[in-house]
Visitor: 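One structure, as C-alpha cells, below. Some questions next.
Every value quoted in this text rests on a predicted model; they were computed, and no experiment measured them.
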Amino acid sequence: GGAGAQNLGFSVTGVSSSTVTGGTLQIGNSSTGSGQVMKINSIVPVGNLLINSVNATGQLQTNPLTVINDVTISAGAYDANNLTTTLGGNWTQNSTFIPGTGTVIFNNTTGKSINCSITPATFNNLTIAGSSEVTTNADLVMNGNFTISSGIFDVSTANKTLDINRNWVNNGTFTEREGSVLFSGTTVQNLSGTSATRFYNKTINNGSGVSVTSGNFSVKNSLTLTNGDFNVTGATSYTLLSDAVNTAFIAPVAITSGI
C-alpha cells in the first residue's frame, strides 16, 4: 500500500470450486505505508498466511479463513475480527494477534507447533482437531474454550503453562509433562471429555467455581485451590496419582476455596 490508510485487501468470493495447494498470501512488506488495514475475505483456502509489515494489519472480513499450511505473524497485526482461522501447519507469532471472540483450529495431519516470541500468547477459543500432534513452545492464555477434539496436544519439554478462562474439553490426548494448567475465569468453568485427562500441576483460581461434568481426570503433582470451589461430582473418577517419582498432593486450600 502507499501513503495513508487505503484499506487494501484480498477478496475471493463468488466461486463455486477451487484448487489451492500452496503459495503465500503476504500482507505488507518493507514498502507498506503506515496505518494500512488490509482486508481478507476469501471463501477458498490460502496456502500460507504471512503478516510482514509493522505498518500492516491483516483483518478478516465476513468469512472464516482456512490456511492449508502455516500462519506467520512476523510484524504488524493479524485481526481475526471474531472469525475462525483454521490451519494445517505451524502457528508462528512474533507480533500482534487480535482473536476477538474467534476460534483458531489446528487441522493438521503431521506434527506441528505453536511458536511465539510474545509470551504468553493469547487466543480466544483454541481447538485441536487434526490427526497428529500440536506442540506449544510458548505459554498460552485462552480467553475462551480449550478443546482437543482429536489428535494430541503437548506442552513440550519446556513444560509450558496453559491459562484457561472458559471450558476444557478433551476428546483426544493431552500430554501434560511437567506443565501447569490454570483455570482462572470469572464465570463457572466446566471440564469434560471422552478421553482421560492427566494434569501435572493444576490451579483453580475462579471465584465462580470450576466443575467436572464428565470424564476421568487425575493430577500427578499438585492441585492448588487459590480461589473458588472445585466440584468433582460429575467426574467418572478424579485421582491424585502416586508413583516412584511423585506423590500428588493438595496444596493448602485458601479460605475462599473448597472441594
Side-chain angles (χ1 to χ4, degrees), residues 70 87 89-93 104-123 125-185 189-206 210 212 214-226 230 232 235-251:
D70 299 337
L87 69 155
N90 300 309
W91 178 281
T92 301
Q93 184 183 338
V104 172
I105 302 174
F106 280 86
N107 192 24
N108 51 304
T109 57
T110 59
K112 301 301 176 184
S113 59
I114 300 172
N115 306 294
C116 303
S117 62
I118 296 174
T119 187
T122 300
F123 296 86
N125 301 315
L126 179 62
T127 299
I128 310 302
S131 58
S132 190
E133 183 175 66
V134 176
T135 300
T136 182
N137 295 309
D139 296 330
L140 303 180
V141 173
M142 274 74 83
N143 290 329
N145 300 321
F146 179 59
T147 304
I148 307 174
S149 295
S150 58
I152 302 166
F153 186 82
D154 187 345
V155 300
S156 82
T157 56
N159 302 313
K160 294 302 182 180
T161 296
L162 309 182
D163 188 349
I164 301 167
N165 286 277
R166 289 295 294 141
N167 300 322
W168 169 286
V169 180
N170 180 18
N171 297 326
T173 300
F174 175 63
T175 304
E176 82 286 357
R177 298 187 186 268
E178 295 185 6
S180 298
V181 178
L182 287 67
F183 293 90
S184 54
Q189 294 177 259
N190 294 321
L191 282 62
S192 64
T194 58
S195 298
T197 296
R198 183 171 63 189
F199 299 104
Y200 187 77
N201 296 317
K202 177 180 178 180
T203 297
I204 307 298
N205 187 23
N206 180 345
V210 175
V212 178
S214 67
N216 296 289
F217 290 82
S218 60
V219 173
K220 190 175 180 180
N221 191 53
S222 67
L223 173 61
T224 302
L225 279 72
T226 302
F230 182 40
V232 300
T236 304
S237 66
Y238 200 97
T239 307
L240 298 178
L241 300 172
S242 179
D243 58 24
V245 177
N246 284 313
T247 297
F249 63 94
I250 300 174

Visitor: Not counting sequence neighbours, which residues clear side chain to side chain contact (heavy atoms under 4.5 Å, CB included) with V212? List them please.
Guide: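 V212 satisfies side chain to side chain contact (heavy atoms under 4.5 Å, CB included) with L191, F217, F230, V232, A235, Y238 once adjacent residues are dropped.
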
Visitor: Write out all pairs satisfying salt bridge (Lys or Arg N to Asp or Glu O under 4.0 Å) with one or both partners inside residues 140-151, taking only residues at least two apart or from two chains.
Guide: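 Counting only pairs at least two positions apart or across chains, no salt bridge (Lys or Arg N to Asp or Glu O under 4.0 Å) contact touches residues 140-151.
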
Visitor: Under the side-chain hydrogen bond (donor to acceptor under 3.5 Å, both in side chains) test, which residues partner T226, sequence neighbours left out?
Guide: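 Listed in chain order: nothing, the list is empty.
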
Visitor: Sort and list the pairs that fulfil salt bridge (Lys or Arg N to Asp or Glu O under 4.0 Å) and have at least one residue in residues 189-203, not counting sequence neighbours.
Guide: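 Sorted pair list: E176-R198.
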
Visitor: Tell me every residue that passes side chain to side chain contact (heavy atoms under 4.5 Å, CB included) with I250, counting only those two or more places apart in sequence or in another chain.
Guide: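 Residues passing side chain to side chain contact (heavy atoms under 4.5 Å, CB included) with I250: L223, L240, V253, I259.
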
Visitor: List for me each residue that meets side-chain hydrogen bond (donor to acceptor under 3.5 Å, both in side chains) alongside N216, sequence neighbours excluded, and say none if there are none.
Guide: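 N216: side-chain hydrogen bond (donor to acceptor under 3.5 Å, both in side chains) contacts with S237.
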
Visitor: The criterion is side chain to side chain contact (heavy atoms under 4.5 Å, CB included); which residues satisfy it with N170, sequence neighbours excluded?
Guide: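 Residues passing side chain to side chain contact (heavy atoms under 4.5 Å, CB included) with N170: I148, W168, F174, S195, T197.
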
Visitor: Report, one line per pair, each donor and acceptor closer than 3.5 Å where one atom sits in a side chain of residues 126-136; sequence neighbours left out.
Guide:
| from | atom 1 | to | atom 2 | distance (Å) |
| --- | --- | --- | --- | --- |
| S132 | OG | G111 | N | 3.1 |
| T136 | OG1 | A138 | N | 3.2 |
| T136 | OG1 | A138 | O | 2.7 |

Visitor: Looking at every non-hydrogen atom in both residues, tell me the closest pair between N167 and I164 and how far apart they are.
Guide: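 In this case the closest contact between N167 and I164 is O-CG2, 4.0 Å.
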
Visitor: With sequence neighbours left out, write down each residue that passes side-chain hydrogen bond (donor to acceptor under 3.5 Å, both in side chains) with D163, or none if nothing qualifies.
Guide: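 With sequence neighbours excluded, D163 shows a side-chain hydrogen bond (donor to acceptor under 3.5 Å, both in side chains) to S184, given in chain and number order.
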
Visitor: Considering residues at least two apart in sequence or located in another chain, which fulfil the side-chain hydrogen bond (donor to acceptor under 3.5 Å, both in side chains) criterion with T119?
Guide: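 Per chain and number, T119 pairs via side-chain hydrogen bond (donor to acceptor under 3.5 Å, both in side chains) with no residue.
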
Visitor: If every non-hydrogen atom of N125 is compared with every non-hydrogen atom of G144, which pair is closest and at what distance?
Guide: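 Scanning both residues completely, I find the closest heavy atoms to be OD1-CA, 3.3 Å.
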
Visitor: Are the aromatic rings of F146 and F153 close, with centres under 6.0 Å apart?
Guide: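 Aromatic pair counts; centres sit under 6.0 Å.
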
Visitor: Could you pull out all residues at least two apart from N246 that satisfy side chain to side chain contact (heavy atoms under 4.5 Å, CB included)?
Guide: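 Testing N246 for side chain to side chain contact (heavy atoms under 4.5 Å, CB included), a comparison that skips the adjacent residues, returns Y200, K220, N221, D243.
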
Visitor: Quick one: which residue pairs count as a side chain to side chain donor-acceptor pair (under 3.5 Å) with a foot in residues 152-162, not counting sequence neighbours?
Guide: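 For residues 152-162, and leaving out neighbouring residues, the side chain to side chain donor-acceptor pair (under 3.5 Å) pairs sorted by first residue read D154-R177.
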
